[in-house]
Each structure stands twice: as structure tokens, then as C-alpha cells.
Amino acid sequence: MADILVVEDDRYISELIKRNLKLVGHVCTQCYTGKEALESIENANYDLVLLDVMLPEISGFDLISKLGDTPVIFVTAKGELEDKIQGLSLGAEDYIVKPFEMLELIARIGVVLRRKEKTEKVFVLGNTRVNLEKRSVLVRGQEIVLTPQEYNLLETLILNKNIALSREKLLELAWGYDYEGETKTVDVHIQKLRKKLEWEKEIKTIVKMGYRLEA
């Protein structure tokens, strides 16, 4: 699952892309002008931007320079060779010419996202994305603030995903051997993570033992 910004002024095409991406599990935000896209990019983090070239107010070729490290795929009617060369030279990961097959678009999106994840230690589950290198947490594209201890517990669950961990083991791994608190503190922190990360079902309670992150 990825947070994808669709920047397309043709509302029919934008809606078609959004519906198909949602079917395969992605979350989509739609913008219809270059200025609107710039404002959205400044206020949220996206895994990928699908960007038209011929946009009102700010063109896609001008907008890409303002996207930082966010991967971009141009989806445009401008299919001349010089246009493709310009788009790729500006840093786009791919360049798709309209009309296109939706299955091909989805496949190319998958390639770009896999390439991106290989360069980062990223864990994605449900609506939550955790970058273990940057120690950042996004839920539905919005950054979530965790306390240092909440993050330590989260990292422990991720590194031991699908493994049942007792409360004592979680205390050992996430708090350290010298932690002298009661195991009840684990329950409190688990409840906070469930709420903040929307992982009510993903963090399973193991009766009379502890917890397991199902991924």
C-alpha cells in the first residue's frame, strides 16, 4: 500500500486512475492544477506522484523540481521523443503516454515503489508506513509523533513480526534489562500504538502471554 498523489486536470482520467489504484490497495489524493499539487506536496508526504505535464498554473515539467526525493511518473499526452527525454532528464522514474492501459500503469507503479523500498528500510502495514532509518512514522500520509519508548516498542514489534512475544520479553527488548517497572506498562504502550497507528487488528493479543504483530 502506498500514498499516491494523482495530479491530472482531466477529472475523468483522474477518477479512473484513483478507482483502479484503490482496488489494488493504494491510497490516492487528487489534484487538478499545478498550484493545488504544490500546496498538497508542502502539507503531506507521498510515496509517489503521478504527474501530468500540461497542467493549469504550473506545468508538470516545472513542478517536478519542487518534489524533492519523491518518485514521479509522468502520465501525459505529450508523446514526442523530445518530451520523453525532457521528462526523464528532469528526474522522472518513468514516462507513460496517453492513452495507456491501466494494468500497465499499475505494473509500472509497482516497479517504481519496489525500487524505492530497496533504497530505504521501510515497513508498510495497513495505512501505516515506518521508515526504520529515519525513525519516521506516517499514517495515511501524515506524520505521527511517538515518544521514544513508543517507537522502541514499535521497532521491536516490527523486527519480530509474526512472532508471539511475552510481556517480559517485550520489556527486555524494548525497555532494556534494567527496566524495573511492571509488565502492565507494556499493555498501556500497546494500546497507544494501536490507536496512533490504526493497528487495532494488526497487533494481536496473545491471551495470558503478550502480543504479536501480524504482517
Side-chain angles (χ1 to χ4, degrees), residues 1-22 24-100 102 104-124 127-145:
M1 188 278 292
D3 289 310
I4 299 176
L5 178 64
V6 180
V7 189
E8 168 62 63
D9 64 330
D10 187 315
R11 291 178 181 265
Y12 173 79
I13 295 176
S14 177
E15 191 64 28
L16 185 65
I17 291 173
K18 178 181 178 180
R19 289 182 181 181
N20 280 272
L21 293 185
K22 286 181 68 176
V24 296
H26 298 306
V27 175
C28 294
T29 300
Q30 294 165 287
C31 291
Y32 305 102
T33 71
K35 183 178 179 181
E36 185 182 352
L38 183 58
E39 292 174 353
S40 183
I41 291 162
E42 291 175 346
N43 294 311
N45 294 303
Y46 297 100
D47 300 308
L48 175 68
V49 177
L50 300 181
L51 185 60
D52 193 3
V53 173
M54 296 179 290
L55 292 168
E57 299 171 339
I58 305 174
S59 76
F61 285 158
D62 291 331
L63 188 60
I64 189 174
S65 63
K66 306 178 187 301
L67 301 183
D69 296 329
T70 305
V72 172
I73 297 178
F74 279 117
V75 183
T76 176
K78 292 179 70 66
E80 299 296 325
L81 179 60
E82 55 265 34
D83 295 320
K84 295 180 182 178
I85 292 174
Q86 182 178 359
L88 295 171
S89 298
L90 288 171
E93 297 286 338
D94 206 343
Y95 194 104
I96 300 176
V97 178
K98 303 173 185 175
F100 55 87
M102 190 58 63
E104 180 183 359
L105 174 63
I106 292 173
R108 293 199 185 192
I109 287 172
V111 170
V112 173
L113 291 175
R114 287 193 295 272
R115 186 186 306 149
K116 182 175 184 285
E117 290 191 1
K118 285 181 180 178
T119 63
E120 299 178 340
K121 293 182 179 179
V122 175
F123 178 80
V124 179
N127 297 317
T128 299
R129 179 184 183 87
V130 183
N131 188 312
L132 296 170
E133 288 187 335
K134 299 178 181 179
R135 292 177 67 90
S136 66
V137 181
L138 302 178
V139 177
R140 299 182 185 273
Q142 301 297 316
E143 187 164 7
I144 301 298
V145 177

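Given the structure is predicted, the values throughout are model-derived calculations rather than measurements.
Residues C28 and I17 have side chains not in contact (no heavy-atom distance under 4.5 Å, counting atoms from C-beta outward). At a threshold of 4.5 Å between non-hydrogen side-chain atoms, the residues D52 and V7 do not count as touching. Y95 is listed as a side-chain neighbour of T76, based on a closest heavy-atom distance under 4.5 Å. At least one side-chain heavy atom of L67 sits less than 4.5 Å from a side-chain heavy atom of V72. Within the 4.5 Å cutoff, the side chain of R108 has no heavy atoms near those of the E93 side chain. L105 places a side-chain heavy atom less than 4.5 Å from the side chain of M102.
Around CZ of R19, the count of heavy atoms belonging to other residues, nucleotides or ligands within 6.0 Å does not exceed 12. Applying the 6.0 Å contact sphere to CG of D69 captures no more than 12 heavy atoms from other residues, nucleotides or ligands.
Just one of V122, N127, N45, N131 meets the side chain to side chain contact (heavy atoms under 4.5 Å, CB included) condition when paired with L138; it is N45.
Once rounded to the nearest 0.5 Å, the distance linking CG of L51 with OG1 of T70 reads 11.5 Å. With rounding to the nearest 0.5 Å, the separation of CG in L90 from CD1 in I85 is 12.0 Å. Between atom CG of residue D47 and atom CD1 of residue I109 there is a gap of 11.5 Å, rounded to the nearest 0.5 Å. Within the model, atoms CZ of R11 and CG of L16 stand 15.5 Å from one another, a figure rounded to the nearest 0.5 Å. Atoms CD1 and NZ, on I13 and K98 in that order, are 4.0 Å from each other to the nearest 0.5 Å. Taking OG1 of T33 as the reference point, atom CD of E39 lies at 7.5 Å (rounded to 0.5 Å).
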Given side chain to side chain contact (heavy atoms under 4.5 Å, CB included), test I106 with L21 step by step and report yes or no. CA-CA 7 Å; I106 292 173; L21 293 185; 4.0 Å; yes

Apply the test salt bridge (Lys or Arg N to Asp or Glu O under 4.0 Å) to residues D3 and R129: give CA-CA distance (whole Å), side-chain angles for both, the deciding distance (0.1 Å), then the verdict. CA-CA 9 Å; D3 289 310; R129 179 184 183 87; over 6 Å; no

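Minimum interatomic distance between H26 and A2 (heavy atoms only, all atoms of both residues): ND1-N, 3.1 Å. The two residues G79 and K84 make their nearest non-hydrogen contact at O-CE, 3.5 Å. Between G34 and L55, the closest heavy-atom pair is N-CB, 4.1 Å. Nearest approach of K78 to V97, heavy atoms of both residues: O-CG2, 4.4 Å. Between K66 and I41, the closest heavy-atom pair is O-CG2, 4.4 Å. Heavy atoms only, all atoms of each residue included: E36 and E57 are closest at N-OE1, 4.3 Å.
Taking the six-membered ring for Trp and thresholds of 30 and 60 degrees, F74 and F61 have ring planes more than 60 degrees apart, a perpendicular arrangement.
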